[in-house]
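Here is the structure we will look at.
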Amino acid sequence: MPAPDNRAAPSPRITLHSLSKFFGRFIALDRLSLVFEPGEFVVVLGRNGAGKTTLLRTLALLLLPSEGELKFDSHPASRLPHSFKQRLGFVGHEIALYDDLTAEENLRFFARLYGIADGPRRAAEVLAEMDLAQRAQSRVRNLSRGLKQRLALARAWLHQPDILLLDEPATGLDAPTRERLHEWLARCHQSGRTVIASSHDLAESLRPATRVLLLESGRVLFDGPNAPNLAEELRAKLVTAAREGAR
């Protein structure tokens with residue numbers, strides 16, 4: 001995966017103030033107050049149900065907070081123009097691709113949605129970046145889970161967003177491809193973009209991150225810089241939280 005293009009414009013500062021998200025009586029996010037500075041590489045960790053996906057979907061403007069406030073720079077998320085979404089690139093658990101279209105056709109279609117002037121050229125570039133050029137004419141329904149995941153990453157990267165929001169992006173990828181993904185994300189970060197990615201794998205996901213956020217039951221259990229042997233500390237915190245929750 002080649003290095004992403006450098007960009008002079010900084011990513012916006014993201015601020016959450018007492019932000020909560022409810023699904024009926026279930027509290028997915030519980031009064032979170034966080035700041036993501038421009039150009040950070042944050043990995044969000046936690047067990048299933050901890051709130052990782054809800055947090056990322058909220059940051060991607062796909063979910064509205066039930067309470068509290070979300071701002072990008074000084075602008076409330078609820079007042080952002082629709083065009084702001086072009087500064088975001090999101091990959092969730094759903095692949096969000098069209099099964100009956102080829103890999104190239106999918107990217108050309110999304111290029112038109114993003115208003116990219118030379119969509120065919122950009123689609124070819126991103127397919128090459130994600131090592132998918134040889135599968136450009138394959139229909140999505142015939143791709144493996146790992147290839148679909150790489151194509152979803154290509155779709156998110158197509159318009160070169162300022163902020164990449166990735167919900168467990170290594171899902172379905174083999175070990176060599178995961179390694180290339182980590183290297184590519186590190187280069188995205190080095191180019192000045194903000195990267196916020198979730199994972200359930202403590203050890204592997206920590207390598208490219210500069211900051212680690214650990215969620216438990218929609219609350220922050222740990223928030224701090226990445227450091228050697230941090231995975232052991234985080235495992236201990238999760239064990240303690242599980243014991244306390246069982247009482």
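The model shown is predicted, which means the values in this text are computed figures rather than measured ones. Positions are given from 1, in the same order as the sequence printed here.
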- Note on the structure: Hits for salt bridge (charged side-chain N to carboxylate O under 4.0 Å, His left out) against R135, two or more places apart or cross-chain, chain-then-number order -> none
- Item | Which residues share a side chain to side chain donor-acceptor pair (under 3.5 Å) with R57, sequence neighbours left out | none
- Task: Could you list all the side chain to side chain donor-acceptor pair (under 3.5 Å) pairs where at least one residue sits in residues 19-46, not counting sequence neighbours?
- Result: R13-E37, D30-R219, E40-R211
- Item | Partner set under side chain to side chain donor-acceptor pair (under 3.5 Å) for Q137, not counting sequence neighbours | E104
- Note on the structure: Applying side chain to side chain donor-acceptor pair (under 3.5 Å) to R79 and not counting sequence neighbours gives none
- Output all residues satisfying ring-ring contact (aromatic ring centres under 6.0 Å, His included) with F72, sequence neighbours left out; order by chain, then residue number. F84
- With sequence neighbours excluded, tell me which residues meet ring-ring contact (aromatic ring centres under 6.0 Å, His included) with F22. none
- Task: Would you please name every residue forming a side-chain contact (heavy atoms from CB on, under 4.5 Å) with D118, sequence neighbours left out?
- Result: P120, R121
- Message: Using the rule that Ile, Leu, Val, Met, Phe, Trp and Tyr join whenever any side-chain heavy atoms are under 4.5 Å apart, tell me whether L80 and I196 fall into a single cluster.
- Response: yes
- Query: Can you list the residues that meet the side chain to side chain donor-acceptor pair (under 3.5 Å) rule with T58, with sequence neighbours excluded?
  - Reply: none
- Would you please name every residue forming a ring-ring contact (aromatic ring centres under 6.0 Å, His included) with F222, sequence neighbours left out? none
- Which pairs pass side chain to side chain donor-acceptor pair (under 3.5 Å) with one or both residues in residues 163-176, sequence neighbours excluded? T53-D167, H93-D167, D167-S198, E168-H200, D174-T177
- Note on the structure: Test side chain to side chain contact (heavy atoms under 4.5 Å, CB included), reference V44, set L214, L165, L215, output is L215
- Step by step, would you call R122 with E125 a salt bridge (charged side-chain N to carboxylate O under 4.0 Å, His left out)? CA-CA 5 Å; R122 180 61 185 153; E125 286 179 351; 3.1 Å; yes
- Item | ring-ring contact (aromatic ring centres under 6.0 Å, His included) contacts touching residues 136-156 (sequence neighbours left out) | none
